[in-house]
2 protein chains.
Amino acid sequence: MPTDGIPAPRNLAEFEERLRRVGGTLPKRLKQCAEYVAANPDKIAFATVADIAARAQVPASALMRFCQEMGFSGYSQMQKLYREEYSQKWPDYTTRLASLRNGGGETPSGLLAEFSEAGRSSIENLARSVDPELLRKAVTVLAGARTIHIVGLRRTFPVASYLAYAFEKMSIPAILHSGVGNLTQHHMLGEGDALIAITFAPYTADTVALAEAAAQRGVEIVAITDLPTSPLAALDALHLLVSEIDVGNFRVLAATMTLAMTLSVAVGARRRLL
Amino acid sequence: MPTDGIPAPRNLAEFEERLRRVGGTLPKRLKQCAEYVAANPDKIAFATVADIAARAQVPASALMRFCQEMGFSGYSQMQKLYREEYSQKWPDYTTRLASLRNGGGETPSGLLAEFSEAGRSSIENLARSVDPELLRKAVTVLAGARTIHIVGLRRTFPVASYLAYAFEKMSIPAILHSGVGNLTQHHMLGEGDALIAITFAPYTADTVALAEAAAQRGVEIVAITDLPTSPLAALDALHLLVSEIDVGNFRVLAATMTLAMTLSVAVGARRRLL
DNA sequence: CCCAAAATGGAATATACGTTCTGCTTACGG
DNA sequence: CCGTAAGCAGAACGTATATTCCATTTTGGG
């Protein structure tokens, strides 16, 4: 416990402020600690006490005293601060919503709040995780295609139908493979076409089958999927990964829709330039 | 040590590539590990074995076997890979989004940033603006309906199809009025049914027509729309208002999808209690 | 249907790490 | 120049964590 009544800093900014204020008044070794910590915030998140201490050229115990002097219970608590800052926390909805679901006694507006939060962070995560280069390539492929085929069944069908609508509006030739009437339309896939395949675990067989047929016919494939282990991985498709949250068996589609929208508008813009 | 001669991956990309190749052939528990790891790379950098294992719903030993199967000596070595990757990214992760945004609407990732922002604020706005009491009433109406009819055409069709999928999965009798084949299905609307009508300005005539037919037959209506002045206002429907942002002529459907999801899950929960 | 091989879960073990304690050194005031 | 208090380093400790081992279950082939 801290000998003096100084409380632990709540966030990084508060801590750095404190560092700045008291930094000058510390004894030699502790000042070394302060300087190293201030100069290498990124290292703190990962490294161990011994590691940091060695780099700052102080014994481990000095670093411990430093942490306690700053109001933390110890090194671990200080490190937690840095880790939180580092990975902006994306709360664990899978477990949270599971309990909520079992509890059952939730009000509709409570649910709305939960789903809003889930959708919001899904979208934020999407913006952070999508590889810009991959996205650019996907747009290039689609913009160069003669006809864009779209397949997404069951829970991804809303996304597929959205893409179809968007392309139609921009007068870009696109075909939505909806599976209506159980018609297979493999023969429509031709050289120079591209396919957008959307599928999440458990992967719909028909979607995978269509993608495989497309690959055989030399159709380029852009896959919107959740994991790099999806069956589409076997084909050499461009993989745009979206990690989204399931509630029960329902996928929050907010991020996927956002990605679909981006794709369609970007393709539209690129086509107009050609 | 790795029992087979597979060498440890040198970097994250190489590892993810390996995940993709062998991911499908792994036994159940190990596949669970593979999927969790692939979907939550950010967690790996910080969390402990026990932590990750719990989240992936496997015993710790399974996770260890997974790491070794992938060529690592153990969990620690795998974690090191993720930490290295992350410490490279760190300095600019905060500035990345900003630069994406400033990069402007020309590049695909610039667009993604814009749409993400649009979706995010639409959802936030939704959570604030929807009247809880109205939402509760809508759920009550839908939960009490014999059959739920759903209509949403053109750009709202993705939402309508999403609702249809959700209800079907929960074995709640629902009919999606898709307009396929230009068939009108007004005669299916009967006493004790309810209709979810989704339409935004400019209001699709067929949607409004169906809603009017429904009103005449004593079907209760839940309207998802953008303005209180919509044509559906004339009928005494419950109006759930969603103000969403248009980018170009494309409506970001993130908020509407979120609302749809809330409705379906809430109705499902309520029905189960009845 | 049975047997062998693979997979699995949990307990047991080893290790790494944070934290504390103690004896020694340095700085400072009288 | 001495005495006291603060600073310090390294060893010692206990805990948290990774890793291994083994008994049991499951899977797949003959």
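Quick note on labels: first sequence line is chain A, next is B, and so on, each numbered from 1. From a predicted model like this one, the values you see are computed outputs, not experimental measurements.
Contacts classified as ring pair (Phe, Tyr, Trp, His ring centres under 6.0 Å) and involving residues 42-61 of chain A (residues at least two apart or in different chains) are given here: A:Phe46-A:Tyr86, A:Phe46-B:Phe46.
Here C:dT20 presents its C1' atom at 19 Å from CZ of A:Phe66, a figure rounded to the nearest Å. The separation between A:Phe46 atom CZ and C:dG18 atom C1' is 19 Å, rounded to whole Å. Rounded to a whole Å, the NZ atom of B:Lys80 is 14 Å from the C1' atom of C:dA16. Between the CG atom of A:Asp51 and the P atom of C:dC17 there is a distance of 8 Å, rounded to whole Å. Straight-line distance from the CG atom of B:Leu30 to the P atom of C:dA6: 14 Å, rounded to whole Å. Summarising the geometry, the separation between CD on A:Glu69 and P on C:dT19 is reported as 16 Å, rounded to the nearest angstrom. As rounded to whole Å, 15 Å separates atom C1' of D:dA18 from atom CD1 of B:Ile44. Separating the NZ atom of A:Lys28 from the C1' atom of C:dT25 is a distance of 12 Å, rounded to the nearest angstrom.
With hydrogens and angles disregarded, a donor-acceptor distance shorter than 3.5 Å links the side chain of A:Asn11 to the backbone of A:Glu14. When atom types are taken as modelled, the side chain of A:Glu244 and the backbone of A:Ala254 share a donor-acceptor pair closer than 3.5 angstrom.
Between A:Ser243 and B:Asn40, the side chains place no donor N or O within less than 3.5 Å of an acceptor N or O (distance only, hydrogens not considered). Using modelled atom types and a 3.5 Å distance limit, the side chains of A:Gln32 and A:Arg29 yield a donor-acceptor pair.
Closest to the side chain of A:Tyr75, out of D:dA18, D:dC8, C:dT19, is C:dT19. Closest approach to the B:Ser76 side chain among D:dA9, D:dA18, C:dT19 is made by D:dA18 (side chain taken as heavy atoms from C-beta onward). Listed candidates were C:dG18, D:dA18, C:dT8. Nearest to the side chain of B:Pro27 is C:dT8.
Open room surrounds CD on A:Glu220; 12 or fewer heavy atoms of other groups in view lie less than 6.0 Å from it. Remark: A:Arg217 CZ is packed, more than 12 non-hydrogen atoms of other residues, nucleotides or ligands lying under 6.0 Å away.
Taking a cutoff of 4.0 Å between a charged side-chain nitrogen and a carboxylate oxygen, A:Glu17 and A:Arg21 qualify as a salt bridge.
Between A:Gln77 and C:dG18 there is no side-chain polar atom (N or O) within less than 4.0 angstrom of OP1 or OP2. The phosphate of D:dA18 (OP1 or OP2) has no side-chain N or O of B:Gln79 nearer than 4.0 angstrom.
Ring centroid separation for the pair A:Phe250 and B:Tyr162 does not come in under the 6.0 Å cut-off.
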Between the protein and nucleotides 22-30 of chain D, list every N/O to N/O distance that falls short of 3.5 Å.
none

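Heavy-atom distances under 4.0 Å link DNA chain C to B:Pro59, B:Ser61, B:Arg65 of residues 57-65 of chain B, given in residue order.
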